[in-house]
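Working notes, structure below.
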Amino acid sequence: YQAPAGFEQDLPYAVALVKLDEGPIVTAQLTDIEPESAQIGQRVEMVTRVLSKDGEQGAIAYGYKFRPMLR
């Protein structure tokens with residue numbers, strides 16, 4: 001429950017090892033889920049989210065996260 005610098009607003013959050021259908025395993029943040037409800041083997045899907053904004057006229061950094069698979 002201790003966030004790295006710049007991610008304090010996202011607490012609490014879960015980080016997971018996600019095995020892609022193609023085989024590789026990636027480390028990623030889970031989103032749209034309560035951390036205590038995450039389960040090993042749970043199907044997830046990748047989503048693109050804003051990671052940071054550099055002021056009102058600055059650059060926006062996007063990145064990937066994973067959420068529970070929508071039915």
Side-chain angles (χ1 to χ4, degrees):
Y1 290 98
Q2 203 165 19
F7 292 90
E8 298 85 1
Q9 72 281 356
D10 295 328
L11 285 175
Y13 65 88
V15 175
L17 295 173
V18 177
K19 184 173 182 183
L20 305 177
D21 289 339
E22 298 79 13
I25 297 173
V26 297
T27 303
Q29 183 179 354
L30 298 179
T31 188
D32 302 338
I33 188 172
E34 293 298 323
E36 60 273 1
S37 67
Q39 298 178 11
I40 294 173
Q42 183 175 12
R43 297 284 298 168
V44 293
E45 62 186 356
M46 191 195 84
V47 292
T48 303
R49 296 291 168 87
V50 173
L51 299 180
S52 65
K53 295 179 183 179
D54 188 19
E56 197 155 314
Q57 298 296 320
I60 300 173
Y62 293 92
Y64 64 87
K65 296 183 181 186
F66 287 82
R67 69 174 176 206
M69 196 77 118
L70 297 179
R71 300 198 195 281

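Heads up: numbering here begins at 1 and tracks the sequence.
- Taking each heavy atom of Gln42 and Ser37 in turn, the nearest pair found is OE1-O, 4.0 Å.
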Donor-acceptor pairs under 3.5 angstrom involving side-chain atoms of residues 15-34: please list them, not counting sequence neighbours.
residue, atom, partner, partner atom, Å
Asp21, OD1, Arg43, NH1, 3.1
Gln29, OE1, Lys65, NZ, 3.4
Thr31, OG1, Arg49, NH1, 3.3
Asp32, OD2, Arg49, NH2, 2.9

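- To the nearest 0.5 Å, atoms CE (Met46) and OH (Tyr64) are separated by 9.0 Å.
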Query - Audit row: Arg67, Val44, side chain to side chain contact (heavy atoms under 4.5 Å, CB included) steps and yes/no - result: CA-CA 5 Å; Arg67 69 174 176 206; Val44 293; over 6 Å; no
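- Annotation: side chain of Leu51 is not in contact with side chain of Tyr62 (no heavy-atom distance under 4.5 Å).
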